[in-house]
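Please read these numbers as outputs of a predicted model, since none were measured by experiment. Within every chain, numbering begins at 1; the chains are lettered A, B, ... in the order of the sequence lines, protein sequences first and strands thereafter.
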Protein chains: 2
Amino acid sequence: MMATIKDVAKRAKVAPSTVSRVIANNPRISEKTKQRVREAMQELCYHPNFIARSLANKSTQTIGVVMPSSADKAFQNPFFPEVIRGISKGAHQKQYGIHMSTGDTEEEIFEGVVQMIEGKRVDGLILLYSRVDDMLTNYLRQNKVPFVMVGKPFNAIEEITHVDNDNYKAAKEVTEYLINQGHKRIAFIGGSLKLAVTVDRLQGYEKAIRNAGLNFRDDYVIHEEFLKEGGQEAVNELFSLEEPPTALFVTDDLMALGVLNKLDAMNIHVPRDVSVVSFNNILLSQISRPPLTTVDINIFQLGYEAAKHMILKIEEPPEPVKRIIIPHKIVIRQSSSEYKKENE
Amino acid sequence: MMATIKDVAKRAKVAPSTVSRVIANNPRISEKTKQRVREAMQELCYHPNFIARSLANKSTQTIGVVMPSSADKAFQNPFFPEVIRGISKGAHQKQYGIHMSTGDTEEEIFEGVVQMIEGKRVDGLILLYSRVDDMLTNYLRQNKVPFVMVGKPFNAIEEITHVDNDNYKAAKEVTEYLINQGHKRIAFIGGSLKLAVTVDRLQGYEKAIRNAGLNFRDDYVIHEEFLKEGGQEAVNELFSLEEPPTALFVTDDLMALGVLNKLDAMNIHVPRDVSVVSFNNILLSQISRPPLTTVDINIFQLGYEAAKHMILKIEEPPEPVKRIIIPHKIVIRQSSSEYKKENE
DNA sequence: TTGTACGCGTTATCAA
DNA sequence: TTGATAACGCGTACAA
């Protein structure tokens with residue numbers, strides 16, 4: 001059997017409570033006994049039992065991570081491993097563990113989270129998605145469960161600590177970049193408007209378009225599901241217009257890949273005939289043909305800061321509601337170029 | 001404060017132990033009192049405290065998932081979200097939670113796992129990688145920690161329950177497919193030989209080549225890091241040979257994407273000039289140009305079965321060591337085609 | 001069929 | 001500076 005605190009106590013000839021204090025590095029224990037106890041711990045290969053500690057403490061040192069519905073295609077986005085890597089780093093630094101939760105349906109996810117919370121398996125949650133009218137966030141707020149959201153909350157934004165990019169600004173900037181390149185007909189291909197991120201990027205795009213005195217055209221704005229069919233369908237629509245765009249603003253690298261393929265199939269050359277920009281800067285965006293001009297949103301940092309603030313919220317309440325903005329950076333690669341008049 | 005088992009007991013006018021039995025659905029409790037107790041639980045919104053239960057039980061109903069080093073580029077492979085989706089499904093079905101563990105370095109991972117185990121945070125582990133001379137697997141075996149590996153163990157294969165594909169067979173089959181298409185010069189582009197999966201696939205490839213009476217050429221076998229540079233470097237080498245290959249066997253879809261891009265840049269047409277096949281059938285393999293012929297290894301199932309067997313091992317020891325083979329399937333798409341003589 | 005009493009391994013309170 | 005003791009919430013012999 002594994003050594004317990006009592007075994008260590010006996011071996012070091014002290015009381016269990018003393019051992020406990022040594023573990024916590026309580027300053028009121030003499031260095032001498034600390035030494036003795038530590039030796040005993042070594043000899044017995046003692047490791048504190050987290051479960052027992054949690055029970056006594058009422059703290060699990062664990063944060064729950066809630067993924068979107070696994071049925072969702074977006075689940076396969078390399079965004080997730082990367083954000084989890086960030087969370088993991090932040091959690092690890094403070095000796096926290098990570099408890100994952102997924103489900104096929106929204107109900108399944110909700111049920112899982114309730115179990116986690118009521119069962120006291122976690123001290124707090126990081127939500128990796130934000131949805132309109134989310135029953136989950138409502139539940140969490142009502143029950144005063146500490147949580148942090150990655151991305152922008154749809155409702156009650158003033159009451160939810162979240163870690164996000166300034167997607168409005170990023171979208172505006174990258175659109176301005178295209179405009180500066182001489183493009184006047186810039187289309188927007190985005191995911192569902194139920195995602196806050198889509199809304200923000202659309203608004204930034206619109207702002208830049210209007211600022212430049214260009215026409216904001218409804219037929220240049222297309223929303224599709226993530227991935228494959230999405231991007232391809234969008235391209236179909238856009239290039240059957242009388243005045244097809246000369247540049248495409250795509251809200252996600254993965255969609256952009258679909259777009260690139262479709263363009264290739266239609267013999268539309270990138271960037272000669274049309275420029276393409278997108279978001280995320282996942283690894284694949286470097287190896288696409290051509291490599292994608294994309295906004296690096298610093299996914300790792302998104303996760304890292306989420307973890308850090310989650311732990312802050314757990315350890316020193318009342319931590320005020322915060323909005324943490326992670327900087328972005330436009331990475332220019334070959335998928336975008338100056339618009340050449342001779343194409344007209 | 002949250003309701004405890006005692007509160008429920010009082011409200012239902014029974015002893016706490018009775019409530020406990022109702023939760024466990026002990027048949028020796030009369031339906032009548034069960035009903036009464038359940039009502040009380042409803043009214044108080046009672047949820048059992050997992051931590052307390054774990055302490056009493058010495059079972060956490062949680063399985064730990066060990067990811068490879070997050071510094072590793074392979075970490076970004078969509079393989080991981082998908083396998084985790086499978087694990088999650090399997091775990092959820094049996095009411096198990098998932099505890100994740102990562103780290104930048106091998107030592108960090110090891111330390112994290114030891115904490116998980118000694119701290120009794122998990123009942124068992126699923127390892128998502130297998131390495132030569134892994135200190136972790138040695139530790140786990142010595143301490144009789146129940147664990148299941150996804151992939152093929154390098155050492156002590158007879159003593160480690162693992163869930164894997166028959167990569168040897170799959171590689172052989174897909175090579176035979178190329179041979180049947182008329183290809184005689186087939187090159188192999190794979191990851192590190194320290195990964196069991198690379199070794200298996202290489203052997204299957206070699207076997208098929210030799211069976212067909214073809215030449216197994218060393219200069220047709222290239223090992224590179226996953227991703228980008230890897231695939232591209234390999235193509236460079238192969239096509240500067242005097243007799244370049246007419247078909248490429250790539251061990252991973254992501255690498256294959258890099259290969260496709262490099263080929264495109266070199267103006268080598270796929271599949272007219274060269275056929276490409278790879279492994280995994282991740283979502284992206286459908287939207288590549290051209291779509292990839294690839295071996296679907298059923299990643300989800302890999303995770304699902306790993307979870308199922310992990311739980312079996314936890315719940316009914318001694319569970320014998322097992323080797324679970326998940327079936328694969330060749331998915332033929334446009335990246336491969338018959339070899340046409342006129343190309344000679 | 002149900003209740004009593006103890007143990008799980010730790011922390012925290014109060015004495016000493 | 002340390003020790004004894006009571007929680008923490010639940011499961012389970014054993015008793016009734």
Donor + acceptor pair across side chains of B:Tyr304, B:Gln93 (<3.5 Å)
yes
No-hydrogen, no-angle side-chain donor-acceptor test under 3.5 Å, A:Lys34 and A:Asn26:
no
Listed nucleotide nearest any side-chain atom of [X], set [options]:
X: A:Ile5; options: C:dT11, D:dG3, D:dG9; result: C:dT11
X: B:Thr4; options: D:dT2, C:dT10, D:dG9; result: D:dG9
X: B:Ala52; options: D:dC10, D:dG3, D:dA13; result: D:dC10
X: A:Asn49; options: C:dG3, C:dG9, D:dG9; result: C:dG9
X: B:Ala56; options: C:dT11, C:dG7, C:dG3; result: C:dG7

CA sep, side-chain torsions, deciding dist, call: A:Thr33, A:Ser30, side-chain hydrogen bond (donor to acceptor under 3.5 Å, both in side chains):
CA-CA 6 Å; A:Thr33 43; A:Ser30 73; 2.8 Å; yes
Can you pull out the residues from residues 22-42 of chain B that lie within a 4.0 Å heavy-atom distance of DNA chain D?
none
Report the distance from atom [atom1] of [X] to atom [atom2] of [N], rounded to the nearest whole Å.
X: A:Asn57; N: D:dC8; atom1: CG; atom2: P; result: 13 Å
X: B:Arg21; N: D:dT12; atom1: CZ; atom2: P; result: 10 Å
X: A:Lys6; N: D:dA4; atom1: NZ; atom2: C1'; result: 12 Å
X: B:Lys10; N: D:dG9; atom1: NZ; atom2: C1'; result: 13 Å
X: B:Arg53; N: C:dG9; atom1: CZ; atom2: P; result: 18 Å
X: B:Lys13; N: C:dG3; atom1: NZ; atom2: C1'; result: 16 Å
X: B:Asp7; N: D:dC10; atom1: CG; atom2: P; result: 9 Å

Mind checking A:Phe50 for me? I need base, sugar-phosphate or nothing, with any heavy atom below 4.0 Å counting as a touch.
nothing
Base, sugar-phosphate or nothing for B:Val14? Non-hydrogen atoms, less than 4.0 Å.
sugar-phosphate
Looking at B:Lys308, I want to see if its NZ is surrounded by more than 12 non-hydrogen atoms of other residues, nucleotides or ligands under 6.0 Å.
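Not more than 12 within 6.0 Å, no.
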Side-chain N or O of B:Lys58 closer than 4.0 Å to phosphate OP1/OP2 of C:dG9
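Result: yes.
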Any side-chain N or O of A:Ser20 less than 4.0 Å from the OP1 or OP2 oxygen of C:dT10?
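No, A:Ser20 has no side-chain N/O under 4.0 Å of OP1/OP2 on C:dT10.
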So how far is it from [X] [atom1] to [Y] [atom2], rounded to the nearest 0.5 Å?
X: A:Ile126; Y: A:Thr161; atom1: CD1; atom2: OG1; answer: 11.5 Å
X: B:Gln61; Y: A:Arg121; atom1: CD; atom2: CZ; answer: 7.0 Å
X: A:Ile117; Y: A:Phe147; atom1: CD1; atom2: CZ; answer: 10.0 Å

NZ/NE/NH1/NH2 to OD/OE distance under 4.0 Å, B:Arg85 and B:Glu82:
yes
Please figure out whether A:Leu55 or B:Pro16 has its closest DNA chain D nucleotide nearer the 5' end.
A:Leu55
Look at the side chain of A:Ser17 against the base of D:dA4 and say whether a donor-acceptor pair falls under 3.5 Å; ignore hydrogens and angles.
yes
